[in-house]
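In this text the structure is predicted, and so the values were computed from the model without any measurement. Values reported hereafter were calculated over all heavy atoms of this structure, with side chains retained and with hydrogens, waters and symmetry mates removed.
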Amino acid sequence: MSIDYYTRLERGKETRPSPSVVEALASTLRLGETERAYLRDLAARTARGGDGGAQPDRAGQRPAVDRGVELLLRTMRPHPVHVVSRTYELLAATPGGLRLLPGMKDVVRWLALHPGARALYPDDWENQIRGCVARLRSLAGTAPETPGLGRLIAELRDKSADFAELWEHYDVQGHTTGTKTFHHPEFGVFTLGFQALDLDGTGSHRLIFYCAEPGTPAYDVMVLLDMDQPQTGTGLATGTPMANRYR
């Protein structure tokens, strides 16, 4: 790759690099696999000519959760589980999932604006919000037409100085697995593993699953979280739009 060609890319005068050029750039910049995937998606989006049939950014649209996903959540009890949209709206949860994050209706708004989030993660809050900001940054680059995304980013940049600062880092390295230590107002300090999974065929819904080894104190806490939640007909919270208390 010539210096002249790279300069044209950098200045936006060349907008359709070949796959080999994209890979060469990724290697030169020493990008990780997540960052490489992000760069490939950006290049592919540009090659398609933009948004590829963008949807307007309309308010009040909350995607429904498939019946199959509801049944899946039922089988996952007593584990805390959340199903979220591309912009981290809470769409469904097991009873333990609702009790695990007190007051959470929308993951990113809750992390950025709710004082309970900092209390729940006193030693790790910055890492938690950084992961969410990174996923939104990636989404803004590869699918900026996502309903509600532009409005969410503008709101949080205005209301949260921490979000605004992290947004300018252009980090796209999110978290899909690991552990989280909770300082829970009812159940004290405990650590759970987590795994985030994309649900194919659901309109880009994402499942976040928390776990602990059976027989451990953390597993006992999961059971209590699940039992303490008042039961409904299905034992799940799904389908009903959740009012946003942080606006």
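Between Cys211 and Gln195, every side-chain heavy-atom pair lies at or beyond the 4.5 Å cut-off. Within the 4.5 Å cutoff, the side chain of Pro102 has heavy atoms near those of the Pro185 side chain. No side-chain heavy atom of Thr179 sits less than 4.5 Å from a side-chain heavy atom of Leu192.
Scanning all heavy atoms of the two residues, the minimum distance from His82 to Gly97 falls at NE2-O, 2.7 Å. When all heavy atoms of Thr94 and Leu73 are compared, the closest pair comes out as CG2-O, 3.5 Å. When every heavy atom of Pro80 is checked against every heavy atom of Leu225, the shortest pair comes out as CG-CD1, 4.5 Å. Nearest heavy atoms, Phe209 versus Val81: CD1-CG2, 3.9 Å. Summarising the geometry of Ala196 relative to Arg206, their closest heavy-atom pair is CB-NH2, 3.3 Å, with the distance given to 0.1 Å. Residues Thr87 and Thr146 come closest through the heavy atom pair CG2-CG2, 4.0 Å.
Remark: Leu120 CG to Gln128 CD distance equals 9.0 Å, nearest 0.5 Å. To the nearest 0.5 Å, the span separating CG on Leu199 from NE2 on His205 amounts to 8.5 Å. Between the CZ atom in Arg67 and the CG atom in Leu72 there is a gap of 12.0 Å [rounded to 0.5 Å]. Put simply, CG on Leu152 and OG on Ser85 are 9.0 Å apart, with the number rounded to the nearest 0.5 Å. Between atom CZ of residue Arg130 and atom CG of residue Asp162 there is a gap of 10.5 Å, rounded to the nearest 0.5 Å. One finds the CD atom of Glu126 at 9.0 Å from the CZ atom of Arg118 (value rounded to the nearest 0.5 Å).
Between Arg99 and Glu186, at least one side-chain N (NZ, or NE/NH1/NH2) sits under 4.0 Å from a carboxylate O, which counts as a salt bridge. A salt bridge is absent between Glu155 and Arg151: the closest approach of a Lys/Arg side-chain nitrogen to an acidic carboxylate oxygen does not fall below 4.0 angstrom.
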Can Ser204 and Asp198 be said to form a side chain to side chain contact (heavy atoms under 4.5 Å, CB included), step by step? CA-CA 7 Å; Ser204 300; Asp198 292 327; over 6 Å; no

Side chain to side chain contact (heavy atoms under 4.5 Å, CB included) for Asp171 and Arg137? Distances and angles first, verdict last. CA-CA 7 Å; Asp171 182 13; Arg137 171 58 81 176; over 6 Å; no

Could you walk me through whether Arg157 and Glu168 pass the salt bridge (Lys or Arg N to Asp or Glu O under 4.0 Å) check? CA-CA 10 Å; Arg157 292 182 72 184; Glu168 296 306 318; 2.7 Å; yes

Begin from the C-alpha positions of Tyr210 and Lys180 and carry the test side chain to side chain contact (heavy atoms under 4.5 Å, CB included) through to its verdict. CA-CA 9 Å; Tyr210 294 90; Lys180 296 184 182 183; 3.3 Å; yes

Given side chain to side chain contact (heavy atoms under 4.5 Å, CB included), test Val84 with Leu91 step by step and report yes or no. CA-CA 5 Å; Val84 298; Leu91 305 178; 5.6 Å; no

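Applying the side-chain contact (heavy atoms from CB on, under 4.5 Å) test to Thr216 and every residue at least two apart in sequence or in another chain returns Ala212, Glu213, Ala218, Tyr219. In terms of the ring-ring contact (aromatic ring centres under 6.0 Å, His included) criterion, residue partners of Tyr121 (sequence neighbours excluded) are, by chain and number, Phe182. Partners of His184 by ring-ring contact (aromatic ring centres under 6.0 Å, His included), not counting sequence neighbours, listed by chain and number: Phe187. Evaluation of the salt bridge (Lys or Arg N to Asp or Glu O under 4.0 Å) rule for Asp124 yields no partner, not counting sequence neighbours. Listed by chain and number, the residues in a salt bridge (Lys or Arg N to Asp or Glu O under 4.0 Å) with Glu165 amount to none (sequence neighbours excluded).
In terms of modelled atom types and a separation under 3.5 Å, the side chain of Trp125 and the main chain of Leu111 share a donor-acceptor contact. Under a 3.5 Å cut-off, the side chain of Ser138 and the backbone N or O of Ala134 do not form any donor-acceptor pair.
Each ring pair (Phe, Tyr, Trp, His ring centres under 6.0 Å) pair with one or both residues in residues 141-166, not counting sequence neighbours, appears once here: Phe163-Trp167.
Thr181 and Thr191 form a side-chain donor-acceptor contact under 3.5 Å, judged by distance and modelled atom types alone. With 3.5 Å as the limit, one finds a donor-acceptor pair spanning the side chains of Tyr88 and Arg135.
Of the candidates Asp106, Val108, Leu156, Leu113 forms a side-chain contact (heavy atoms from CB on, under 4.5 Å) with just one, namely Leu156.
Hydrophobic clustering of Ile, Leu, Val, Met, Phe, Trp and Tyr side chains at less than 4.5 Å, counting indirect connections, unites Met222 with Met227.
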